[in-house]
Amino acid sequence: MLNSLEPSATMSEEELESYRDRFAAHLSQTVPGRKELVVSAADACTLRAADGRVYLDMTSGIAVANVGHSHPAVVEAVQRQITRYAHVNVYGRFVIPEQVEMAERLSRAAGGALSTAYLTSSGAESTECALKLARKYTGRPKFVAMERAYHGRTFGALSVSWREQWRKPFEPLLPEVEFVPFDDLEAAAAAIDERTAAVIVEPIQGEGGIRVPSDGYLPGLRELCDRAGALLICDEVQGGMGRAGVWFSHQLWGVQPDIVTCAKAVGGGLPLGAVLARPEVFATFLDPALSHLTTMGGNPVACAAGIAAFDVIENEGLVARSAELGTYLRERLESVRGQFPDLLVDIRGRGLWCAFELSVPAQQVADMMQERGVLVGSVLNSEGTIRVTPPLVITPAEIDVFIGVLRTVLGRLA
């Protein structure tokens, strides 16, 4: 059996209905509709619902579980740390060894030049920190961002996220944000000027549909920023920690950003993110002192989980595995495309970060696959796109299961 979890119900139908009712009554919902799946357990690449059904998880909880769900090394690290201490003052007063160990690993993965880290709890928080840092360091007010970009939903992050549908109700947001088409250096050159604090870009767009730019794009942005004296911020919240077949997706093009934001997979399943930059850039937060603060960012338990997850990726060769199995995944998708060219019209991605474009509603396909035991996801800023971001520990046999279910679903639709 491929699944690491055995089908077994953990709740009665009455208990399931009770949790669904209480969820609707007490948890704020931003997506309408009744929730059909109540989670019971997750392990490696599989998830078990409380009614006993088992699913192959091709989402990793939106690119979070890169080492798989409940990896033994992460579980052990969390248990060990929480018996020592779960939380102390995380910024300003004490040295917390777990923070030091985490920051050193992230700096090493980023190539060493970005040797300073500010630890956060989420991707949106990392974006907020990066925007403040760029403004403070340059003394400039303007940001250039990309069409189809997504950087989070807090005020600053939302200001540089493209989709007007979600920005409009909360305006006014940050002034002087200019959006330009992704992978268009001519448009970027026209927008980047002496008032630009930073260009913020996902080297591979995530919620934009896993869109991979042309090879000259990121180096060209680096050159434009250097020419204008602006900073280059690379958002690696989805693209980091081996997802694209390298530690960070910008490394595919050999570009050195001024600031890198990351989160999601950094914590091995716990809330942890980071902003990486050169020491002289971060030094601006010392004047005045306490220019930026957090209560929970770099929580010791989250750092312990992150250290364990990082070491699993490194020791088990999961970055190289992501590149290798990503090629296999896209080859298998191409075989499906050959069978259903009118339904599956495009395939994109790097590493185990993949998307395919459909001529039918993406949610319909996702729902039909879930009914057959495979979880895939849509993306926010690209209708018709299915996102595939499995744990980096996935096996070729599990990829084949996913392909078989996709083939069955498209066959039904055809």
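One-based numbering along the sequence shown. Hydrogens, waters and symmetry mates are skipped; everything else that's a heavy atom, side chains included, is used. These numbers were taken from a predicted model, which means no experiment stands behind them.
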Review point. Hey, is the main chain of Ser122 close enough, under 3.5 Å, to the side chain of Thr120 for a donor-acceptor pair?
Key: yes

Practice item. Enumerate the residue pairs fulfilling salt bridge (Lys or Arg N to Asp or Glu O under 4.0 Å) with a member in residues 298-309, sequence neighbours excluded, ordered by first and then second residue. Key: none

Review point. Could you go step by step and tell me if Asp183 and Ser214 meet the side-chain hydrogen bond (donor to acceptor under 3.5 Å, both in side chains) rule?
Key: CA-CA 7 Å; Asp183 200 19; Ser214 55; 2.7 Å; yes

Exercise for review: Could you check if a side-chain atom of Pro203 sits within less than 4.5 angstrom of a side-chain atom of Leu252, using non-hydrogen atoms only?
Suggested key: no

Exercise for review: Tell me, please, which residues at least two apart from Arg34 pass salt bridge (Lys or Arg N to Asp or Glu O under 4.0 Å).
Suggested key: Glu17, Asp21

Check your understanding: Which pairs with one or both residues in residues 229-250 pass salt bridge (Lys or Arg N to Asp or Glu O under 4.0 Å), sequence neighbours excluded?
Key -> none

Check your understanding: Looking at residues at least two apart in the chain, or sitting in another chain, which of them share a salt bridge (Lys or Arg N to Asp or Glu O under 4.0 Å) with Arg222?
Key -> Asp226, Asp258

Practice item. Please list all pairs passing the ring-ring contact (aromatic ring centres under 6.0 Å, His included) test where one or both residues lie in residues 108-152, with sequence neighbours left out. Key: Tyr91-Tyr118, Tyr118-His292

Check your understanding: Heavy atoms, side chains only, cut-off 4.5 Å: are Ser126 and Cys262 in contact?
Key -> no

Exercise for review: Could I get the full list of side-chain contact (heavy atoms from CB on, under 4.5 Å) partners for Gln79, not counting sequence neighbours?
Suggested key: Val75

Exercise for review: State whether the side chain of Glu76 and the backbone N or O of Ala73 hold a donor-acceptor pair below 3.5 Å, judged by distance alone.
Suggested key: no

Point to revise | Backbone N/O of Gly298 and side chain of Gln99: donor-acceptor pair under 3.5 Å | key: yes

